[in-house]
Every structure is written in structure tokens, then in C-alpha cells.
Amino acid sequence: MQPDNSTETMNPGDEAPPNTPGAGEDICRACHGTGKVEGARCTVCGGTGKVLQGIGGG
Ligand SMILES: [Zn+2]
């Protein structure tokens with residue numbers, strides 16, 4: 001069984017799948033874009049330093 005691409009790249013901090021129209025990348029607030037929190041990989045953005053914001057979020 002093959003994992004779905006749209007969900008494979010989802011991280012806990014993402015508000016929308018990468019292929020969502022209108023969704024944009026934003027700096028992860030948990031790690032401030034570094035991808036790490038206290039030396040460990042940020043679990044919010046999955047270490048990417050970025051999260052996806054949904055439409056009209058914030
Ligand atoms: Zn992060």
C-alpha cells in the first residue's frame with residue numbers, strides 16, 4: 001500500500017495539506033524556522049522550520 005503524497009508531507013503544525021489552494025508556508029512558531037527545539041527536531045513542523053497556514057488563518 002502506497003502512502004498518499006498529500007498526507008505524507010503533513011506535519012502536526014500544518015493547518016492544511018501542501019496542495020491546498022490558498023494555503024501558504026509560514027515560519028514555524030515553535031522553532032522559529034530553525035527546525036529544532038532545544039537540540040531536538042521540532043515536532044510541530046517535522047524539522048522543516050515551516051508550517052502550512054490555512055486560508056484566512058491567523
Ligand atoms: Zn518547527
Side-chain angles (χ1 to χ4, degrees):
M1 207 157 155
Q2 197 118 17
D4 190 283
N5 254 0
S6 61
T7 54
E8 190 179 10
T9 51
M10 283 287 287
N11 293 309
D14 291 338
E15 292 182 358
N19 57 356
T20 299
E25 284 185 346
D26 199 3
I27 295 296
C28 177
R29 294 177 191 175
C31 65
H32 304 285
T34 64
K36 288 186 178 181
V37 176
E38 296 179 359
R41 190 179 73 169
C42 180
T43 55
V44 176
C45 62
T48 63
K50 291 177 291 187
V51 292
L52 286 161
Q53 298 281 348
I55 303 172

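None of these values were measured; they are calculated from a predicted model.
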Which pairs with one or both residues in residues 42-53 pass salt bridge (Lys or Arg N to Asp or Glu O under 4.0 Å), sequence neighbours excluded?
E25-K50
State the CZ-SG distance between R29 and C42, to the nearest 0.5 angstrom.
13.0 Å
Please report the closest heavy-atom contact between [X] and [Y], naming both atoms and the distance.
| X | Y | value |
| --- | --- | --- |
| V44 | A30 | CG2-CB, 3.6 Å |
| G46 | N11 | CA-OD1, 3.7 Å |
| R41 | G47 | CG-CA, 3.5 Å |

With sequence neighbours excluded, tell me which residues meet side-chain contact (heavy atoms from CB on, under 4.5 Å) with T43.
none
